[in-house]
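Working notes, beginning with the structure itself.
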Amino acid sequence: MKYTQLGRTGLKVSRLVLGTMNFGPQTEEADSHVIMDAALDAGINFFDTANVYGWGENKGRTEEIIGNWFAKGGDRRDKVVLATKVYGNMGLDGAPAWPNHDKLSALNIRRAVDASLRRLRTDYIDVYQFHHIDRRTPFEEIWQAIDTLVQQGKILYVGSSNFPGYKIAQANEIAARRGGTIGLVSEQCLYNLMERRAEMEVIPAAQDYGLGVIPWSPLHGGLLGGVLKKEAEGGRRASGRAADTLADPTARAQIQAYEDLLDKHGLAPGEAALAWLLTRPGVTGPIVGPRTAEQLQSALRAVELELGEEVLAGLEEVFPGPGPSPEAFAW
């Protein structure tokens, strides 16, 4: 495994991040523990979760699965850089949140971090992430709450997720004015070959403020994982948003060109998509969310995969980026 610093911090993290969103809803606890053991054995030390994972009536279940794994001992907790998130309503899906039981008020942050610590069976969180922007809570209040948690030893670093570039700037400028607050150190955003809008402002803002970029959905819901070849071979068919995308002839042709390019060079699509992200400026490491140990092994191969100039140029031709801001939309 290869490692890098998380943004401007001294924290060393693996170039792949283990995403745990499937633990509970799609992967049973015992199998989830096998995957986490395999990830740790392979050198992955950065695990990502969120308080709402488990979904529906089982929100918090994913954190509980991780906590039970930590409780097995063997230095599991000490070896892991643990990241979780706060923002979402922890009540039943579709039910309105009780006042102050979601978003980023100081009250909810305090309540949510204590609840996550109980589920995770640990006394501190390495990277506590804001899962979404809160348009009503000022950053002065948010940072005051965070400063208290840092002083209490409950969290060490703070990251954002799904933030626009201007909110990254705003959050860190206010942190700098307050003094004594390190501010955001990472941004977790939707970023992959098919979805490159983050290159316009989010990633440049993250780089300017020293945030590590952690892409989620690196295979864009499976579309970059060889979906057409699997379909032709009678394997698992695309569903949901992936199926909707493939119903568009233009998008389907683009995916076919992508798979043809990689087939020409003898590369596995999913591994190439991850390897491409590892070449991108500012990227710390993509989040991989394996449902099985076999899927984890495929992701691990991407770390050692070096894409040649011809492949990189071909990928750029199939999936051209939006260009920098403001040129991308100004002229």
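FYI, the numbering just counts along the sequence from 1.
Atom CD of E140 has more than 12 heavy atoms from other residues, nucleotides or ligands within 6.0 Å. The 12-atom threshold is exceeded at CZ of R111, counting heavy atoms of other residues, nucleotides or ligands nearer than 6.0 Å. Enclosure of atom NZ in K72 by more than 12 non-hydrogen atoms of other residues, nucleotides or ligands within 6.0 angstrom is indicated. Enclosure of atom NZ in K12 is not indicated, since only 12 or fewer non-hydrogen atoms of other residues, nucleotides or ligands lie within 6.0 angstrom. Within 6.0 Å of atom CD in Q144, 12 or fewer heavy atoms from other residues, nucleotides or ligands are found, so the atom counts as exposed in its surroundings. Around the CD atom of E310, the shell of radius 6.0 Å holds no more than 12 heavy atoms that belong to other residues, nucleotides or ligands. Environment of CD in E327: crowded, with over 12 heavy atoms of neighbouring residues, nucleotides or ligands closer than 6.0 Å. For R280, the CZ atom sits in a packed shell: over 12 heavy atoms of surrounding residues, nucleotides or ligands are nearer than 6.0 Å.
Atom CG of residue L40 and atom CZ of residue F47 lie 5.0 Å apart, to the nearest 0.5 angstrom. The line from OG1 of T84 to OH of Y128 is 7.0 Å long, rounded to the nearest 0.5 Å. To the nearest 0.5 Å, atom CG of residue L246 and atom CG of residue L228 are 5.5 Å apart. Note: L120 CG to N68 CG = 10.0 Å, rounded to the nearest 0.5 Å. The structure places CG of N51 at 5.0 Å from OG of S116, a figure rounded to the nearest 0.5 Å. Rounded to the nearest 0.5 Å, atoms CD (Q295) and CG (L219) are 9.5 Å apart.
Side chain of Y258 to backbone of L224: a donor-acceptor contact under 3.5 angstrom is found. With H220 contributing its side chain and A242 its backbone, the two residues share no donor-acceptor pair below 3.5 Å. Between the side chain of N89 and the backbone N or O of A95 there is at least one donor-acceptor pair closer than 3.5 Å. Using a distance-only test at 3.5 Å, with no hydrogens or angles considered, no donor-acceptor pair links the side chain of R196 to the main chain of L193.
Side-chain atoms of S186 and V127, non-hydrogen and from C-beta on, do get closer than 4.5 Å to each other. Using a 4.5 Å heavy-atom cutoff, the side chains of K59 and L92 are not in contact. You'll find the side chain of W69 reaches within 4.5 Å of the side chain of D37, heavy atoms only. Between T148 and K154, every side-chain heavy-atom pair lies at or beyond the 4.5 Å cut-off.
Inspection of the W276 and N192 side chains reveals no N or O donor paired with an N or O acceptor under 3.5 Å. Looking only at atom types and distance, the side chain of D147 has a donor-acceptor partner in the side chain of T181 under 3.5 Å away. Side-chain atoms of Y209 and E173 form a donor-acceptor pair, as typed in the model, at a separation below 3.5 Å. Side-chain contact annotation: E271 with S298, donor-acceptor N/O pair under 3.5 Å present.
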task = Would you sort out whether V185 and L11 count as a side chain to side chain contact (heavy atoms under 4.5 Å, CB included), showing the intermediate values?
result = CA-CA 10 Å; V185 302; L11 189 64; over 6 Å; no
task = Might you work through the side chain to side chain contact (heavy atoms under 4.5 Å, CB included) test for F130 and I146, ending with a clear yes or no?
result = CA-CA 11 Å; F130 307 134; I146 293 300; 3.9 Å; yes
task = I would like to know whether M21 and W55 meet side chain to side chain contact (heavy atoms under 4.5 Å, CB included); could you show each step before the answer?
result = CA-CA 9 Å; M21 188 170 67; W55 309 110; 3.6 Å; yes
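Remark: R77 qualifies as a cation-pi partner of F70 under the 6.0 Å distance and 45° angle criteria applied to the six-membered ring.
Residues meeting the salt bridge (Lys or Arg N to Asp or Glu O under 4.0 Å) test with R15, sequence neighbours left out: none. Applying the side-chain hydrogen bond (donor to acceptor under 3.5 Å, both in side chains) test to N108 and every residue at least two apart in sequence or in another chain returns nothing.
Contact detail for L300 and A42: the closest heavy-atom pair is CD1-CB, 3.5 Å.
With respect to R61 and E29, a salt bridge is recorded, a charged nitrogen being found less than 4.0 Å from a carboxylate O. Salt bridge E259/K230: absent, no basic N to carboxylate O contact under 4.0 Å. Comment: K167 does not engage D134 in a salt bridge, judged by the lack of any side-chain N to carboxylate O separation of less than 4.0 angstrom.
Among pairs with a residue in residues 39-49, those fulfilling side-chain hydrogen bond (donor to acceptor under 3.5 Å, both in side chains) read S14-N45, T20-T49, D48-K85, D48-Q129, D48-Q188, at least two apart in sequence or across chains.
Between H131 and Y53, the two ring planes are perpendicular [angle over 60°; tilted spans 30° to 60°].
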